[in-house]
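First the proteins, then the strands, lettered A, B, ... as listed; each starts at 1.
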Amino acid sequence: MLDINFIRENQALVEKSIREKGYQTDLSKLLELDQQRRKLLQKIDKLRQDRNEISAQMKNGKPDSDLVAKAKEIKAQLVKQEPALDAIEKELNDGLKQVPNIIFDDVPLGGEESNLEIRKWGELKAEGVDHLDYATKRNWVDFERGAKVAGSKFYYLKGELALLEQALIQYGIQKVMDHGFEFITVPDVVSTRILEGCGFNPRSSAQSDEYFVEGEDLALIATAEIPLTGYYMDEILNEKDLPVRFAGLSPCFRKEAGTYGKYTRGLFRVHQFNKLEMYVFCLPEESKKIHEQILEIEEEIAQDLELPYHIVSNAAGDLGAPAAKKYDLEFWSPISQKYRELTSCSNCTDFQARSLNIRVRREDGRVETLHTLNGTAIPLARTLMALIENHAEPDGKLKLPLVLRKYFNEENEL
RNA sequence: GGAAGCGUGGCCGAGUGGUUGAAGGCGCACGACUCGAAAUCGUGUAUGCAGCAAUGUAUCGGAGGUUCGAAUCCUCUCGCUUCCGCCA
């Protein structure tokens, strides 16, 4: 969430971001609540001060009936005022959750169609295979039985494709470790405070994309980003320990509600997939630089996997609430003759960190909210899809990128 | 799932209901001493909120309650530990 003081002082900027991201939050109501809150808080603090002063006069164990009466009178007022303050604070807090992060100046305005191409790499093939037909024919994937067991958009990976996923994981872990990330595993469920603190929709929301555990305050994670963010919840880190770079591997569960009309074939959009995710906690002044570094790693991986791609800077309307800026790396899909999202990386600035109360103690002793960033290292299902589309012969073998051959006894194809 | 115990500052650890935001120790920072270091000594060392500031206020897992006053008493709740049960 954003800081109410920041909103008060940068109202125009916040309003612009609300508009461009397509939100409908009413700031004037929040600012009004904030004013009420401060006014009432001052009143209550004064009452408490009076009460404390009276109590101090009685600390010798000889209660004075006059003082007790006075204190009781103050208490009666407090009992009346305090719930009012609680109510205002709750309403204010709920309202603050509806305010998306501000967007950086260089974010293109408009919707998805306004995504700005930054650069591209690789030669675009004119023809490719359909990954679902190809993988099904080779008995590498079984969506039918996945549906039988868990419903549509669940699947089994089999044979060499299942092994290829493991090879990609091994390759990916080594790659991110080479770039200074610590590999960690995460809980695959999180409490709802973490989920909402990361800017995801709560259980009550119709737009929620998460699976919730019945009878528990838990949700299945949609990405390792969520438990990785929660790792430092309510903690103050030391400046000298930043940046902290984690790479988390986890299954990702998504209901994919509201994706009607979107491209959903095969492994592109499924309810469960594995993903290796990069995550960084850093000083505010470093986040822009680190965002570019994360993007470079994503490009390095795509190049290692010999997947043609382009990079787009996402338009404001295509950003989630927490992101101030986001890049997508889209691989070239020869079969559909267009680019499709493979990975992305977002600079969430202090948005998630404020909600989850993650701060840094600077060398000079100041305490401030830090910045967080996330980026996909390898989305397994989509990467398998991209590899087949780009490296398989229609009725032949799947050619392996150089970096994966060592996992298959130096075979150059599967 | 059942039973018992425990939850205090970065850590350890005190705390008869009233100068306790909290003793003491460790750690850390700065200073003194030293050619330098160790040791020693001195000083400092939680966070939120309101306020231009002085300052005020809140916080001892969390939420309620009793009281003029709660870290201290009561209720509920969460977490951890141990034992039992179950199970990979």
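With C1' as the reference atom, B:G5 and B:G61 are 16 Å apart, rounded to whole Å. Taking atom P in both B:A39 and B:U57, the straight-line distance is 42 Å, to the nearest Å. Nucleotides B:A32 and B:G21 have their C1' atoms positioned 30 Å apart, rounded to a whole Å. Between B:A22 and B:C33, the two P atoms lie 32 Å apart (nearest whole Å). Comparing the C1' positions of B:C74 and B:U20 gives an interatomic distance of 22 Å, to the nearest angstrom. The separation of B:G65 from B:A70, taken at their P atoms, amounts to 12 Å, rounded to a whole angstrom. Separation of the C1' atoms belonging to B:U82 and B:G48 is 36 Å when rounded to the nearest angstrom. One C1' atom belongs to B:U67, the other to B:C73, and the distance between them is 10 Å to the nearest Å.
Comparing B:U47, B:G56, B:G69 against the side chain of A:Q49 picks out B:G56 as the nearest. Comparing B:A50, B:G48, B:A58 by their nearest atom to the side chain of A:V367 picks out B:G48. Of the candidate nucleotides B:A58, B:G51, B:G18, B:A58 has the atom lying nearest to any side-chain atom of A:R48. Comparing B:U47, B:U67, B:A50 against the side chain of A:K75 picks out B:U67 as the nearest.
Mapping A:A71 and A:D45 onto RNA chain B via the closest heavy atom, the residue that lands nearer the 5' end is A:D45. Mapping A:I236 and A:I44 onto RNA chain B by nearest heavy atom places A:I236 closer to the 5' end of the strand.
Rounded to a whole Å, the CZ atom of A:R51 is 9 Å from the C1' atom of B:C68. Rounded to whole angstrom, the span from the CG atom of A:D50 across to the P atom of B:G56 amounts to 13 Å. In this structure, CG of A:L40 is placed 17 Å from P of B:C49, rounded to the nearest angstrom. The nearest whole Å value for the distance from the CZ atom in A:R193 to the P atom in B:G61 is 17 Å. Rounded to an integer number of Å, the gap from CD of A:E239 to C1' of B:A29 is 15 Å. To the nearest angstrom, C1' of B:G48 lies 11 Å from CD of A:E89. The CD1-C1' distance, from A:I54 to B:U67, rounds to 15 Å in whole Å. Taking atom CG on A:N238 and atom P on B:G10, their separation rounds to 11 Å, with Å as the unit.
Dashed line: the shortest gap from a side-chain N or O of A:R361 to OP1 or OP2 of B:A46 is not under 4.0 Å. Proximity of A:R37 to the phosphate of B:A50: a side-chain N or O atom is located under 4.0 Å from OP1 or OP2. In terms of phosphate contacts, A:K72 brings no side-chain nitrogen or oxygen within less than 4.0 Å of OP1 or OP2 of B:U67. OP1 or OP2 of B:U57 has at least one side-chain nitrogen or oxygen of A:N52 nearer than 4.0 Å.
For the residue pair A:Q170 / A:Q174, no side-chain donor-acceptor distance below 3.5 Å is found, with atom types taken as modelled. In summary, the side chains of A:D217 and A:T192 do present a donor paired with an acceptor at a separation below 3.5 Å, with no hydrogens or angles considered. Between the side chains of A:E32 and A:Q36, at least one donor N or O sits under 3.5 Å from an acceptor N or O. Side-chain contact, A:K275 with A:T376: no donor N or O sits under 3.5 Å from an acceptor N or O. With hydrogens and angles left out, the side-chain atoms of A:T349 and A:N101 include a donor and acceptor closer than 3.5 Å.
If you check every strand for non-hydrogen atoms under 4.0 Å, A:L41 touches sugar and phosphate atoms only.
Residues A:Y327 and A:H291 bring their aromatic ring centres within 6.0 Å.
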